[in-house]
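Have a look at the structure below, then the notes.
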Amino acid sequence: MITPIAGFSKLSKKEKIEWLANTYFQTNETVIDTLKKYWNSDETLQKLHDEFIENTISNFYLPLGIAPNFLINDKLHAIPMAIEESSVVAAASKAAKFWLDRGGFTATVLSTEKVGQVHFMYFGSTEKLHTYFSSIKSELIEATKHITQNMEKRGGGITDIKLRDKTSELDGYFQLHCTFETVDSMGANFINSCLEQFAKTFKDNAESFEAFTTEEKDIQIVMSILSNYVPNCLVKAEVSCPVSSLTEGETMDANEFATKFVRAIQIAKTEPYRAVTHNKGIMNGIDAVVLATGNDFRAVEAGIHAYAAKDGRYSSLTHAEVKDGFFKFWIEIPLSLGTVGGLTSLHPLVKLALEMLGKPNAKELMQIVAVAGLAQNFAAVRSLVTTGIQKGHMKMHLVNILNQLEATDAEKKHFINFFKDKTVTHSAVVNAFNAYKVAQA
C-alpha cells in the first residue's frame with residue numbers, strides 16, 4: 001500500500017528518483033536508468049534545467065524542427081517549431097513554399113494592450129465608491145513608481161485604470177480594470193506586482209476617505225491578477241493572390257479549389273464542432289513556435305480560444321473570401337508574447353531560436369507566430385478540400401508506427417517505399433511488417 005510522503009521537496013534529486021522508482025515501479029533500476037538517460041551530460045546546463053521548476057527528476061524532450069522559406073513582410077525566415085505531432089512541420093513548410101511563389105505573408109500588429117484586474121467586494125453607495133476612485137486614481141499610479149520606472153524607460157507602463165461595476169452579475173462585486181504596455185516582455189510579473197500595489201493602496205486609503213461609513217471603508221480585496229484574455233493585443237496575418245494562381249495540379253482547378261476553401265472556412269465559422277478542430281490545427285502552428293521561443297503556450301491557448309468565442313459562439317479564427325478574382329485568407333488573433341525575461345534569456349535552445357528569427361522584438365514575434373498559425377491552417381484546409389487529411393498525415397505517421405515495431409533503418413526504407421501508393425493504417429502497417437518478417441525468416 002502506498003503511503004503519503006512528507007518533506008518530498010527537501011529530498012535530493014537522487015533521493016526523489018529512488019523514492020519514485022521504489023514506490024511506483026516494479027522494475028526500479030530500469031526506471032532510474034531511463035530518467036538518467038535524459039539528463040544533460042553538461043552538469044551546469046542540467047542544473048539550469050533542474051531549477052526551471054520544482055521537484056525535477058529529468059528532462060522531457062520534444063523534437064525541435066525547422067519550417068523554412070517563410071516570406072513575411074518581404075523578409076525570409078526559417079521558423080523553429082517544438083512539437084511532437086507528425087506532419088505539422090511538414091505542413092507548415094509546404095504552406096510556406098506555396099506562398100513564397102505568390103508574394104509571401106503580410107503581418108501587422110494592430111494593438112499591444114495587456115490587461116490585469118483587482119477584484120474586490122464593496123457593499124455600500126456606488127456613487128461614493130466612484131467619487132473615492134476618482135480621488136485615488138492618480139495616487140494608485142504614483143504608488144507603483146518603484147515598480148514601473150524601468151518599464152517606463154523602455155516605453156511601457158500603466159496606460160489606464162478604470163473602476164468597473166459588476167454587481168449586476170455578482171452582488172457587491174467591483175473591479176479595477178487596468179491596462180498596460182509591456183513592450184518586449186510578456187509582462188506577467190510586472191503586471192501582477194502593479195496590481196498588488198494597486199490593491200494595497202486602494203484598500204488602505206479607503207480607511208481615511210471621510211465620505212465612507214465604517215462599513216463602506218471595509219473594502220474586501222479578493223484577488224489581484226493579470227488576465228490572459230487580451231482582445232486588444234492583436235495581430236493580423238494574411239495572404240492573397242489571383243484565384244488563377246491557386247493551381248492544384250490535375251486534382252482540382254483553381255476556381256473550384258477557391259470555392260471549396262472559402263466554403264470550408266464558412267463551415268468552421270458556423271459549426272462549433274468543426275471550429276474546435278479547425279482552430280486546434282491553427283494552434284498546432286502557433287503553440288509550436290510559442291514553445292520554441294520560450295513563451296507561455298497555455299496562456300496563449302486560453303486567450304485565443306476565448307477570442308474565438310467573443311461573439312457569443314465559438315467560431316473559426318481564420319477568414320477567407322474571393323472578391324474581384326482575388327483569393328484572400330487571413331487571421332486576426334490576440335497574442336501576448338515576450339522576447340525578454342523568463343526563459344528567453346535562460347534556455348539555450350530558446351536563445352538559439354530567437355537568434356534564428358533575427359532576434360525579433362515582441363511585435364515582430366507576434367507577426368511570425370500569427371503567420372505560423374495561418375500557414376498551418378492553410379495547409380490543413382487545402383488537404384481537406386483536395387486529397388483529404390489522412391493521406392499526408394498518415395504517411396508522416398508511418399515512421400512512428402515502424403518505430404513502435406522496432407524496425408531497422410533498412411526496414412523503414414522498405415516500408416516507406418511499400419506504402420508510397422497505399423493507404424497507411426496502423427493495422428495495415430503491422431500486418432505488412434509481420435508478413436515481411438516471416439518472409440525474411
Side-chain angles (χ1 to χ4, degrees), residues 2-67 78-90 185-186 188-189 283-301 337-357 359 365 396-397 399-409 411-412:
I2 297 173
T3 58
I5 180 172
F8 181 75
S9 64
K10 295 181 175 61
L11 299 179
S12 68
K13 183 176 169 181
K14 180 174 180 292
E15 290 169 336
K16 288 185 178 80
I17 291 172
E18 288 176 348
W19 174 85
L20 179 70
N22 293 329
T23 305
Y24 286 97
F25 298 90
Q26 293 180 339
T27 55
N28 52 5
E29 289 303 319
T30 302
V31 170
I32 293 172
D33 183 56
T34 298
L35 291 172
K36 287 184 175 180
K37 281 180 179 178
Y38 284 86
W39 291 1
N40 198 291
S41 57
D42 184 325
E43 291 185 8
T44 301
L45 187 59
Q46 183 56 53
K47 187 173 186 294
L48 177 68
H49 281 71
D50 286 346
E51 293 176 353
F52 283 156
I53 62 169
E54 305 80 14
N55 296 339
T56 307
I57 56 173
S58 192
N59 306 314
F60 189 90
Y61 291 175
L62 283 177
L64 178 65
I66 298 299
I79 297 183
M81 305 181 80
I83 191 166
E84 86 299 341
E85 185 173 332
S86 301
S87 77
V88 169
V89 177
S185 68
M186 189 270 183
N189 290 331
M283 300 313 296
N284 279 344
I286 289 175
D287 283 348
V289 187
V290 170
L291 190 57
T293 56
N295 277 272
D296 187 345
F297 72 92
R298 284 101 30 202
V300 167
E301 280 267 0
L337 302 174
T339 55
V340 299
L343 287 187
T344 60
S345 57
L346 286 175
H347 198 298
L349 284 178
V350 168
K351 290 193 285 187
L352 185 150
L354 289 170
E355 185 174 354
M356 183 192 311
L357 292 172
K359 297 183 179 179
L365 184 59
M396 295 297 298
H397 193 52
V399 175
N400 286 345
I401 299 172
L402 291 170
N403 280 331
Q404 291 173 14
L405 297 170
E406 299 182 352
T408 65
D409 287 345
E411 288 168 342
K412 289 176 189 176

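Each residue takes its place number in the sequence, starting with 1. No experiment lies behind these values; they were computed from the predicted model shown.
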Calculate, to the nearest 0.5 Å, the distance between atoms [atom1] and [atom2] belonging to [X] and [Y] respectively.
X	Y	atom1	atom2	value
Ile57	Lys36	CD1	NZ	12.5 Å
Thr23	Ile2	OG1	CD1	6.5 Å
Lys412	Leu405	NZ	CG	10.5 Å
Leu352	Leu357	CG	CG	10.0 Å
Thr56	His49	OG1	NE2	10.0 Å
Ile286	Leu337	CD1	CG	9.5 Å

Step by step, work out the side chain to side chain contact (heavy atoms under 4.5 Å, CB included) result for Asn59 and Gln46. CA-CA 9 Å; Asn59 306 314; Gln46 183 56 53; 2.7 Å; yes
What are the two closest heavy atoms between [X] and [Y], and how far apart are they?
X	Y	result
Ala82	Ala292	N-CB, 3.9 Å
Leu62	Glu84	CD2-CB, 3.8 Å
Gly338	Thr344	O-CG2, 3.8 Å
Asn22	Asn28	OD1-ND2, 2.7 Å
Pro80	Leu64	CB-CD1, 4.3 Å
Met356	Ala78	SD-O, 3.6 Å

Could you give me the CA-CA distance, side-chain angles and deciding distance for Glu85 and Asn284, then say whether side chain to side chain contact (heavy atoms under 4.5 Å, CB included) is met? CA-CA 8 Å; Glu85 185 173 332; Asn284 279 344; 3.6 Å; yes
Could you tell me whether the side chain of [Y] reaches within less than 4.5 Å of the side chain of [X], counting heavy atoms only?
X	Y	answer
Val289	Met81	yes
Pro348	Leu48	yes
Lys16	Asn55	yes
Lys47	Glu51	yes
Asp287	Ile83	no
Asp50	Lys13	yes

For Glu355, look at atom CD and say whether over 12 heavy atoms of other residues, nucleotides or ligands are found less than 6.0 Å away.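 Check fails, neighbour count at 12 or below.
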CG (Asp42) with more than 12 external heavy atoms under 6.0 Å: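 For Asp42, atom CG is crowded (more than 12 foreign heavy atoms under 6.0 Å).
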Begin with the C-alpha distance, continue with both residues' side-chain angles, and end with the deciding distance and a verdict on side chain to side chain contact (heavy atoms under 4.5 Å, CB included) for Glu411 and Leu402. CA-CA 8 Å; Glu411 288 168 342; Leu402 291 170; over 6 Å; no
Determine, step by step, whether Ile17 and Leu20 satisfy the side chain to side chain contact (heavy atoms under 4.5 Å, CB included) criterion, reporting the C-alpha distance in whole Å, the side-chain angles of both residues, the deciding distance to 0.1 Å, and the verdict. CA-CA 5 Å; Ile17 291 172; Leu20 179 70; 5.6 Å; no
Is the backbone of Gly341 close enough, under 3.5 Å, to the side chain of Ser345 for a donor and an acceptor to pair up by distance?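 Absent.
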Verify, without hydrogens or angle tests, whether Tyr61 (side chain) and Tyr38 (backbone) share a donor-acceptor contact under 3.5 angstrom.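 It does hold such a pair.
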Hey, which of Asp296, Leu365, Val300 is the one that makes side-chain contact (heavy atoms from CB on, under 4.5 Å) with Val290?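 It is Val300; the other options fail the test.
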Looking at residues at least two apart in the chain, or sitting in another chain, which of them share a ring pair (Phe, Tyr, Trp, His ring centres under 6.0 Å) with Phe60?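 Phe60 satisfies ring pair (Phe, Tyr, Trp, His ring centres under 6.0 Å) with no residue once adjacent residues are dropped.
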Got a salt bridge between Lys14 and Glu18, using NZ or NE/NH1/NH2 to carboxylate O under 4.0 Å?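 Yes, this pair counts.
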Report the relative orientation of the aromatic rings in His347 and Phe52; use parallel for angles under 30°, tilted for 30 to 60°, perpendicular for over 60°.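 Correct class here is parallel.
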